[in-house]
Protein chains: 2
Amino acid sequence: MNIGQAATATGLSAKMIRHYEQSGLLQPTQRSEAGYRQYQPKDIEILKFIRRARVLGFSLADIVGLLALWQNPQRSNTVVKQVAQQHLAEVELKLQELHAMKQTLQQMIAQCAADGGAHCAILQHLAKPTRS
Amino acid sequence: MNIGQAATATGLSAKMIRHYEQSGLLQPTQRSEAGYRQYQPKDIEILKFIRRARVLGFSLADIVGLLALWQNPQRSNTVVKQVAQQHLAEVELKLQELHAMKQTLQQMIAQCAADGGAHCAILQHLAKPTRS
DNA sequence: CTTGACCTTGCCATGATGGTAAGGTTCATA
DNA sequence: TATGAACCTTACCATCATGGCAAGGTCAAG
């Protein structure tokens, strides 16, 4: 299986698969005589694992750790849970920040007449916020 | 007013103030004989405007436009509102993505015993999700 | 005159991803 | 058999906002 097929099979881009290899997420695979990377079913499973973890927002650094735990029969699920909880906390923090942005943006937009005039509540708020 | 004082007065870093100047957000200021940037009250207001817009998540490219509108007496609030609405849409999109992440992470974490054993619902989910 | 706090420019790094360029390989078809 | 399309390789640059560091100039107080 060449890298293009591995990309199709996993939903990743060939570019990213090479990047994951170079970043140490993935052991360098076998190569064909011509130097093409060859992917075995096991490699595909690892790539799918990476993709699912990326969808959940885990960083590549986190995923290095999760993969090591996954492949370690002596692992402790306590450690895995800690990694996930730490990431969840970061996600929740970003959610709060974005929510605050959304609230303020909605208020500003609601106060803007959009009648083509020069008076603008949005610019007023940015220039001298009445509430923060 | 030197750049350090301007930074303190606006809550920005000196580094970023220089960056904003180089990025065209800010007209190059006057310089002292020694080449130190000199900030007038008007410059401080612009910097505060930039900071508030950054807090709301506007990109530097957006802020270039917002500053131009702010300083243009012939502006149309319709345009300003469009910029803000576009940005709000992006914020809402990211909120949705993060919310989906949070939901899945919470479910996975709830199913993890964290008893120090090797069995782990989190790794199971990443390896072969039962639901997505 | 020295010292410490400030300023200058310039370069490199982050993190995940995309793009492009220059070149080699493989395979099907004309 | 030759050619071209579709694939692969590596290497470099760009994104975006921000931080860090280094080497050097400036200023004010002691």
Side-chain angles (χ1 to χ4, degrees), chain A residues 1-26 28-40 43 47 49-67 83 86-87 90-91 93-94 97-98 101, chain B residues 1-26 28-40 43 47 49-67 83 86-87 90-91 93-94 97-98 101:
Chain A
M1 207 174 195
N2 285 344
I3 198 169
Q5 295 167 296
T8 302
T10 60
L12 298 166
S13 69
K15 190 91 191 201
M16 278 300 100
I17 294 177
R18 289 191 200 99
H19 183 57
Y20 295 155
E21 177 185 318
Q22 206 206 335
S23 302
L25 291 208
L26 207 60
T29 61
Q30 293 177 343
R31 298 284 188 121
S32 73
E33 286 189 7
Y36 287 19
R37 289 171 179 82
Q38 299 295 305
Y39 293 88
Q40 305 306 128
D43 300 316
L47 288 170
F49 184 104
I50 294 173
R51 183 170 127 77
R52 291 184 198 116
R54 285 295 302 134
V55 168
L56 291 179
F58 284 101
S59 69
L60 296 197
D62 280 346
I63 298 176
V64 171
L66 289 173
L67 280 170
V83 173
Q86 172 65 36
H87 176 51
E90 288 161 11
V91 167
L93 188 61
K94 277 205 178 177
E97 292 171 5
L98 282 171
M101 287 183 194
Chain B
M1 205 176 198
N2 286 344
I3 198 169
Q5 296 166 295
T8 302
T10 59
L12 297 167
S13 68
K15 189 93 190 200
M16 278 300 100
I17 295 177
R18 291 191 199 98
H19 182 58
Y20 296 155
E21 177 185 319
Q22 206 206 334
S23 304
L25 291 207
L26 207 60
T29 61
Q30 293 176 343
R31 299 283 188 123
S32 74
E33 287 188 5
Y36 287 17
R37 288 171 181 81
Q38 300 293 306
Y39 293 87
Q40 305 306 130
D43 299 316
L47 287 171
F49 184 102
I50 292 172
R51 184 171 127 77
R52 290 183 199 116
R54 285 295 302 135
V55 168
L56 292 178
F58 285 102
S59 69
L60 296 196
D62 280 346
I63 298 175
V64 170
L66 289 172
L67 279 170
V83 174
Q86 172 66 35
H87 177 51
E90 287 161 12
V91 167
L93 189 61
K94 277 204 179 180
E97 292 171 4
L98 283 172
M101 287 182 195

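Numbered from 1 within each chain, the chains take letters A, B, ... in sequence-line order. Worth saying up front: this structure is predicted, and the values here are computed from it rather than measured.
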> Are any of R31(B)'s side-chain N or O atoms less than 4.0 Å away from OP1 or OP2 of dG25(D)?
Replying inline: no

>> Just to be sure I understand the rule, does R18(A) reach a base, reach only the sugar-phosphate, or reach nothing, if contact means heavy atoms closer than 4.0 Å?
In response: base

> Can you find a side chain N or O atom of S13(A) that sits less than 4.0 Å from OP1 or OP2 on dT17(C)?
Replying inline: no

>> Under 4.0 Å from OP1 or OP2 of dT26(D): is there any side-chain N or O of R37(B) that close?
In response: no

> Can you tell me how far P of dC13(D) sits from NE2 of H19(A), to the nearest Å?
Replying inline: 17 Å

>> If I take atom OG1 from residue T8(A) and atom CE from residue M1(A), how far apart are they, to the nearest 0.5 angstrom?
In response: 8.0 Å

>> Without decimals, in angstroms, what is the distance between F58(A) CZ and dG15(C) C1'?
In response: 17 Å

>> Of the listed nucleotides (dT26(D), dA17(D), dT17(C)), which one gets closest to any side-chain atom of M16(B)?
In response: dA17(D)

>> Take a 6.0 Å sphere around CD of Q30(A) and say whether it holds more than 12 heavy atoms from other residues, nucleotides or ligands.
In response: no

>> Just to be sure I understand the rule, does S59(B) reach a base, reach only the sugar-phosphate, or reach nothing, if contact means heavy atoms closer than 4.0 Å?
In response: sugar-phosphate

> Across the strands shown, which category fits Y20(A) at heavy-atom distances under 4.0 angstrom: base, sugar-phosphate, nothing?
Replying inline: sugar-phosphate

>> Please check: side-chain N/O of Q5(B) versus main-chain N/O of N2(B), any donor-acceptor pairing under 3.5 Å?
In response: yes

>> Without decimals, in angstroms, what is the distance between L60(B) CG and dA17(D) P?
In response: 4 Å

> So, is R51(A) near the phosphate of dA16(C), with a side-chain N or O under 4.0 Å from OP1 or OP2?
Replying inline: no

> Just by distance, do the side chain of S23(B) and the backbone of L25(B) share a donor-acceptor pair under 3.5 Å?
Replying inline: no

